[in-house]
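Below is one structure, written out as C-alpha cells; the observations come after it.
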Amino acid sequence: MKLLLMDGHSILNRAYYGLPDLTNSAGEHTGAIFGFLNMMFKFIEDEQPDNFAVAFDVHAPTFRHKMYDAYKGTRKPMDPELREQVPRIQEILKAMGVPVITMEGWEADDILGTLSRIGQEKGMDVTIVSGDRDLLQLATDKIKISIPKTKKTGTEIENYFAKDFEQAYGVTPKQYIDVKALMGDSSDNIPGVAGIGEKTAFKWIAQYGSIEECHAHVSEMKKAKVVDNFIEQWDTAVLSKELATINLNAPIELEEGSTKLGNLFTEEAYLLCKRYELKKLLPRFENTDTASVTDNTADSFKRVNDFSEVETFFEDIKKTGKAFIGASIMAGDDKVIRGAALSDGESTVYVECQGFISADYLCHKLMEICKAGVRLCFWDLKNVMHLITNILSDDEKKAVMEKGGKSQIFPNAVDVSVAAYLLNPTKKEYTADDVANEMLGIIIPAAADLFGKKKLKDALLDDSLLEAVTTYACYEAYVAYGAFEKVMAEIEAAGMGHIFTDIEMPLLYTLFDMEIQGIAMDKEALAQFSQKLSTRIEELEKDIYAQAGEEFNINSPKQLGVILFEKMGIEGGKKTKTGYSTAADVLEELAPANPIIGSILEYRQLAKLKSTYADGLQPCVGADGRVHSTFMQTVTATGRISSIEPNLQNIPIRMELGKEIRRVFYPKDGCVFLDADYSQIELRVLAHMSGDDNLIGAFKAGQDIHRSTASLVFNTPFDQVTDLQRRSAKAVNFGIVYGISAFGLAKDIGVGRKEAQEYIDNYLKAYPKMHTFLEGLKSSAKEKGYAVTLYGRRRPVPELNSSNFMNRQFGERVAMNSPIQGTAADIIKIAMVKVHDRLLAEGLKSKLLLQVHDELLVETYIDEQEKVESVIREEMENAAELSVKLEIDMNEGSNWLEAH
DNA sequence: TCTATATAC
DNA sequence: CTAACGTATATAGAA
C-alpha cells in the first residue's frame with residue numbers, strides 16, 4: 001500500500017513561480033493551477049499510490065522568495081494572482097475526489113506529519129511532495145520526502161528517505177530539528193541561539209545527537225563565546241526546538257477510506273478544467289468513463305423530421321402567442337442549412353432539413369414567425385441572416401440588398417452573443433456553453449465534447465454525428481432562450497440597456513447590410529500591381545544577397561538577424577527573447593551607416609504589400625466582383641468593430657506605393673464614393689470628457705489642434721510653430737490618448753527622455769484639467785474594476801490590481817485609453833446606424849459600404865449625391881452632442897484613394 | 001501553435 | 001526599482 005501526500009500551498013507556490021503567467025479569456029489566473037495539476041499527475045503516475053491527499057494551511061501562508069530579501073530570510077505576502085488560484089485548485093481537487101485537508105489552528109506541515117505517521121503505522125509506503133525543505137525532518141525509511149525542482153532542463157526531483165538525508169546532511173532527519181533549534185530560522189520565526197550558525201549547529205548535533213545531549217556535555221566543549229551563549233539561552237533553544245518540530249499528532253478526523261485514490265477524471269473536474277481553459281489537460285479526460293458530459297436538460301430535446309409535425313409546431317407558436325424564442329441554425333462552411341433548433345424554455349426541438357422540410361421552407365417559417373411578432377434570439381444573428389439570404393430566391397435577395405436585412409429577414413431578432421460581449425468585451429468567444437455556465441450556472445457540453453476533435457462544420461458532414469449536432473443546436477437554442485433575459489437584466493443593471501438596444505442591435509443590421517453589399521475591387525489591377533512589385537522585389541533580393549555575400553531568407557527575422565549582426569558585424573543590434581530585433585524602427589537607426597538596411601526596409605515594405613494586399617486580396621473577390629468582408633462586433637476590448645476575411649480596416653494609405661492598393665476599390669456604375677472621416681474625434685472626445693477649457697477653446701476656435709498644442713507645449717506663438725514642433729506636439733497628443741510614458745514618447749520623436757518628460761509636463765500644465773481627468777480615469781477604473789465610455793460601455797481592467805509592475809502600468813494606460821477610444825467607437829457606431837437608416841428611410845439607393853474607425857465610405861448614386869452628402873454630414877456631425885463640434889472631412893472620388 | 005513583422009486608426 | 005503608446009488582422013517562418 002502506498003500513500004501520496006502533497007503540500008498544497010508549497011507546490012502551488014512552486015508552480016506559480018516556475019511557470020509563465022497564464023490567464024484564461026476571462027482574465028482569471030491559471031498558471032499555478034496548471035503547474036500544480038501537472039505535478040500531481042506526474043507523481044501519481046510515478047508513485048502509483050493507493051491513497052492520496054493534499055494538505056493546505058487554512059490561511060494563505062507567506063513564502064520565502066529568493067528574489068525578495070533572501071538574505072534577511074523575510075517572507076513576502078502571497079501575490080493576489082496566486083491567492084486567487086488557491087480556492088480554485090481546491091475546488092478542482094475536490095471535484096476530482098481528492099481530500100483537501102485543512103485544519104484551523106494547525107499548519108499543513110502538521111497535517112502532513114500526522115498523516116505520514118499514521119500511514120507508516122498502517123504499514124504503508126509514504127511519499128510527501130513539498131517544495132519546502134522543512135518537511136525533511138519527517139523522512140524515515142518508510143517515509144520519502146520528494147522535492148521537485150524546476151530547472152531549465154525540466155523538473156528534477158530530489159528524494160529523501162532517512163538514509164538519503166543522513167548521507168546528505170550528516171545528521172538524522174529527527175536531529176535536523178535540533179540543528180534548527182540551534183541555528184534558528186528567521187523566516188519561520190525560530191530564534192535559535194545567538195552566534196550559532198549552520199556549521200556549528202550541524203557539528204554539535206552530529207557529535208552529541210540532540211540539544212539536550214549538547215547541554216549535558218557543555219563542560220566537555222572548548223571554551224568559546226557560543227558555548228556561553230548556548231548556556232545562557234538554553235530556554236530559547238528549547239523553545240526553538242519546540243517551534244521547529246512538526247507535530248505528528250494533529251487531531252485529524254478522516255473517514256475510513258476517504259483518501260482512497262479513485263478516478264480523478266470526473267465530469268465535474270473536466271468542466272472546471274474547461275472553465276479555466278486548461279486545454280492541455282483536457283486530453284487526460286478522454287477515454288475515461290466520464291468523457292461524455294451530460295446533464296438532464298438534454299433528455300427533453302426532441303428531433304422532428306416529420307413535415308406535418310413541423311407545421312403544427314410553427315402553428316402552435318403563432319397560436320399560443322409566444323413572444324420570445326431561442327434559436328440556432330446549423331450550417332457548415334458550405335453554407336448549407338442542415339436544420340434549426342428552437343426553444344421556448346419548456347420544449348426544445350431540432351427541426352432537421354430533409355424530405356419536405358427544405359431549408360427554404362424552414363427559413364421562411366422562421367422569417368414568418370419573426371414578422372408575426374415572435375422575437376427570435378440567436379447566437380451570431382448576422383451570420384444567420386447571411387445563411388438565410390443564401391437560400392432566398394433572386395427576387396428576395398434583391399429585396400434584401402435594396403431594402404435591408406432588418407425589414408426583409410428578421411425585423412425583430414436579437415443576438416445573445418452581442419449582449420454577452422457587452423457584459424465583458426475582453427473574452428475570446430461567446431459560446432453557449434460558456435454563457436450557460438456563467439449566467440445560468442449550468443454545465444452543458446461544448447462543441448469539443450460533442451464532436452471530439454471535429455469542428456462543427458465537419459460534424460455536419462458526418463451522419464454518425466447527427467445526434468450530437470442535434471444536441472448541440474438544441475443547447476444553443478435552449479441557452480439563447482434561458483440566458484438572454486438574465487444577460488439583459490445585467491446589462492440594464494449596468495446601465496448599458498441603451499447601448500444594446502439603440503446602438504449594438506441596430507448596428508448589427510447595419511453591418512449585415514454592409515457585408516451584403518461588399519465593395520467592388522479590380523482583381524486585374526491587383527494582379528498587375530503584384531507583377532510590378534515582384535520585379536522590384538527581385539531586384540532588391542539580388543542587391544541584398546550581393547551585399548550580404550550569400551543567399552538567405554530575408555523574410556526570416558532569425559536568419560536576417562544572424563546575417564546583419566553576426567556575419568556583417570553591424571553594430572547596435574538590439575535583442576528580443578529569441579534573437580536580434582530586426583523591426584523597422586531598430587533598423588532605421590542603422591540605415592545611414594549600412595546601405596543594406598535601406599534595401600531590406602524597402603524589401604520588407606514591398607513584400608508586405610504583395611503578400612497581404614496585392615496577392616492576399618485577389619481571392620477575396622466574389623463571383624459578383626465584390627469583396628465581402630465580415631465585420632466583427634464582439635471582438636475588441638474597447639467597443640470598436642473589427643474586419644476580417646479580408647481586413648478592410650488596414651488597407652495602406654500612408655506610404656506612397658501602398659496607396660495603389662486603395663485605387664483598386666471602386667464604385668459601381670452610376671456611383672461615386674463619398675468618404676467622410678471625423679476630424680480628430682479622439683481628441684475631441686478627450687476635450688469633452690476632460691472638460692479642459694484650453695483644449696475645448698482650441699477646437700472651438702477651429703485651430704489646427706497639433707499646432708495649437710505645440711504653441712502651448714513649446715511656449716511659442718501660434719504662427720511661429722515650426723514643423724518639427726508641430727510633429728512633436730502631434731506625437732504628444734497621440735501619446736496622451738494612448739496613455740503616455742516619457743520613454744515611449746522619447747523613442748517616438750527621437751528626443752531624450754528628460755526632454756520628453758518636459759513636453760508631457762508642459763502639456764499637462766497647458767491643459768490644466770487634463771491631469772485630474774486622466775488621474776480620475778485611473779482611480780475610477782481601479783475602484784470600479786472597469787473603464788467606462790461616455791455612453792456607459794464598460795471594459796474590465798483587472799490589470800490595475802496586478803502585483804506585477806508592468807501589468808499594472810498597462811492597466812493604467814488601458815484605463816486612460818479605453819474610455820476615449822471606446823467613446824469614439826460609440827459615436828461612429830451611432831453615426832453608422834443613423835446614416836444607414838436614413839438612406840433607407842429616404843428611399844435612397846446609395847449604400848454604406850465600409851467603416852474604418854473614424855471613416856465611413858458610401859457608394860453613392862450620382863443622382864443622389866447632394867442628398868447623400870447632407871445625410872452623411874448631418875448624421876455624422878450630430879451623432880453626439882459634445883462640448884466641441886464633431887467635424888468631418890468629406891470627399892468624393894472614383895476610387896477609394898481619390899475619395900479619402 | 002506561437003513569434004515577429006507589417007498594415008490601419 | 002522594474003518597462004516603457006492604445007486597438008485590431010494577416011502573413012511568413014520556426015517549432
Side-chain angles (χ1 to χ4, degrees), chain A residues 20 67-68 279-280 425-426 552-561 576-587 600-601 603-617 620 629-632 635-655 657-659 661-662 677-678 680-682 686 731-749 753 756-757 760 787 795 797 802-822 824-825 828 850-855 900:
Chain A
M67 309 302 285
Y68 186 88
K279 293 190 179 115
K280 290 208 175 110
T426 59
F552 63 100
N553 190 339
I554 310 169
N555 288 319
S556 160
K558 194 178 167 186
Q559 292 180 36
L560 180 61
T576 62
K577 283 179 259 184
T578 50
Y580 298 101
S581 169
T582 65
D585 55 341
V586 176
L587 294 190
I600 287 166
L601 289 170
Y603 172 91
R604 278 256 184 85
Q605 201 182 25
L606 300 195
K608 176 70 176 180
L609 273 181
K610 182 170 151 62
S611 67
T612 305
Y613 301 105
D615 295 343
L617 283 173
C620 298
S629 173
T630 302
F631 293 103
M632 304 295 285
V635 169
T636 74
T638 53
R640 277 185 175 181
I641 57 172
S642 73
S643 157
I644 58 165
E645 291 171 12
N647 180 357
L648 293 182
Q649 291 181 319
N650 70 346
I651 302 299
I653 185 71
R654 295 171 187 174
M655 298 302 180
L657 203 54
K659 289 182 177 176
I661 302 289
R662 290 227 166 194
D677 66 299
Y678 279 113
Q680 306 296 351
I681 187 164
E682 286 184 339
L686 182 62
V732 175
N733 277 329
F734 270 97
I736 294 291
V737 170
Y738 293 156
I740 200 160
S741 76
F743 182 92
L745 181 66
K747 219 173 76 171
D748 200 43
I749 57 179
R753 204 178 64 184
Q757 188 58 54
I760 296 170
R795 173 196 178 154
V797 197
S802 171
S803 64
N804 178 293
F805 178 80
M806 205 170 57
N807 293 344
R808 222 166 38 240
Q809 293 285 304
F810 174 73
E812 292 190 353
R813 293 195 292 272
V814 162
M816 292 187 281
N817 169 266
S818 291
I820 301 167
Q821 186 180 119
I828 195 155
L850 299 180
Q851 184 253 46
V852 192
H853 308 308
D854 66 351
E855 169 192 4
H900 190 73

A/Leu609 versus A/Met655: any side-chain heavy-atom pair under 4.5 Å?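 No; the side chains remain at least 4.5 Å from each other.
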
Using side-chain heavy atoms (C-beta onward) and a distance below 4.5 Å, is A/Arg795 in contact with A/Thr426?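 They are in contact (side-chain heavy atoms under 4.5 Å apart), so the answer is yes.
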
For [X], which contact category applies under a 4.0 Å heavy-atom criterion: base, sugar-phosphate, or nothing?
{"X": "A/Val737", "answer": "nothing"}
{"X": "A/Gln605", "answer": "sugar-phosphate"}
{"X": "A/Ser581", "answer": "sugar-phosphate"}
{"X": "A/Arg654", "answer": "base"}
{"X": "A/Ala584", "answer": "sugar-phosphate"}
{"X": "A/Ile653", "answer": "sugar-phosphate"}

Within this structure, what is the [atom1]-to-[atom2] distance between [X] and [N], rounded to whole angstrom?
{"X": "A/Ile828", "N": "C/dT7", "atom1": "CD1", "atom2": "C1'", "result": "14 Å"}
{"X": "A/Arg808", "N": "C/dA4", "atom1": "CZ", "atom2": "P", "result": "15 Å"}
{"X": "A/Phe743", "N": "C/dC1", "atom1": "CZ", "atom2": "P", "result": "16 Å"}
{"X": "A/Ile736", "N": "C/dT7", "atom1": "CD1", "atom2": "C1'", "result": "18 Å"}
{"X": "A/Ile641", "N": "C/dT7", "atom1": "CD1", "atom2": "C1'", "result": "13 Å"}
{"X": "A/Asp854", "N": "C/dT7", "atom1": "CG", "atom2": "C1'", "result": "13 Å"}
{"X": "A/Asn804", "N": "C/dA3", "atom1": "CG", "atom2": "P", "result": "10 Å"}
{"X": "A/Ile749", "N": "C/dA4", "atom1": "CD1", "atom2": "P", "result": "19 Å"}

Separation between [atom1] of [X] and [atom2] of [Y], rounded to the nearest 0.5 Å:
{"X": "A/Asn817", "Y": "A/Ile740", "atom1": "CG", "atom2": "CD1", "answer": "12.5 Å"}
{"X": "A/Leu686", "Y": "A/Ile820", "atom1": "CG", "atom2": "CD1", "answer": "4.5 Å"}
{"X": "A/Lys610", "Y": "A/Thr612", "atom1": "NZ", "atom2": "OG1", "answer": "11.5 Å"}
{"X": "A/Glu855", "Y": "A/Ile681", "atom1": "CD", "atom2": "CD1", "answer": "12.5 Å"}

Please check: side-chain N/O of [X] versus main-chain N/O of [Y], any donor-acceptor pairing under 3.5 Å?
{"X": "A/Gln559", "Y": "A/Ile554", "answer": "no"}
{"X": "A/Thr582", "Y": "A/Pro557", "answer": "no"}
{"X": "A/Ser629", "Y": "A/Ile644", "answer": "yes"}

If you measure from the ring centre of A/Phe805 to the centre of the six-membered ring in the base of C/dT2, is it under 5.5 Å, with the planes under 30° apart?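 One would call A/Phe805 stacked on the C/dT2 base.
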
In a check of side-chain contact (heavy atoms from CB on, under 4.5 Å) between A/Phe810 and each of A/Glu812, A/Arg808, A/Arg813, which one passes?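 Among A/Glu812, A/Arg808, A/Arg813, the one that satisfies the side-chain contact (heavy atoms from CB on, under 4.5 Å) with A/Phe810 is A/Arg813.
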
Would you mind building the protein contact string for nucleotides 8-15 of chain C? One character per nucleotide, 5' to 3', B for base within reach (heavy atoms under 4.0 Å), S for sugar-phosphate only, - for untouched. SBBSSSSS

Taking atom P in both B/dT5 and C/dA4, compute the distance separating them and give it to the nearest angstrom.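 The same atom, P, in both gives a distance of 15 Å.
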
Of all nucleotides in DNA chain B that come within under 4.0 Å of a heavy atom of chain A, which is furthest toward the 5' end and which toward the 3' end?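 Endpoints of the contacted stretch of DNA chain B: B/dA4 to B/dC9.
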
Find which nucleotide of DNA chain C each of A/His853 and A/Arg753 is nearest to by heavy atoms, and output the residue with the more 5' nucleotide.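 Checking each residue's closest nucleotide, the 5'-ward one belongs to A/Arg753.
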
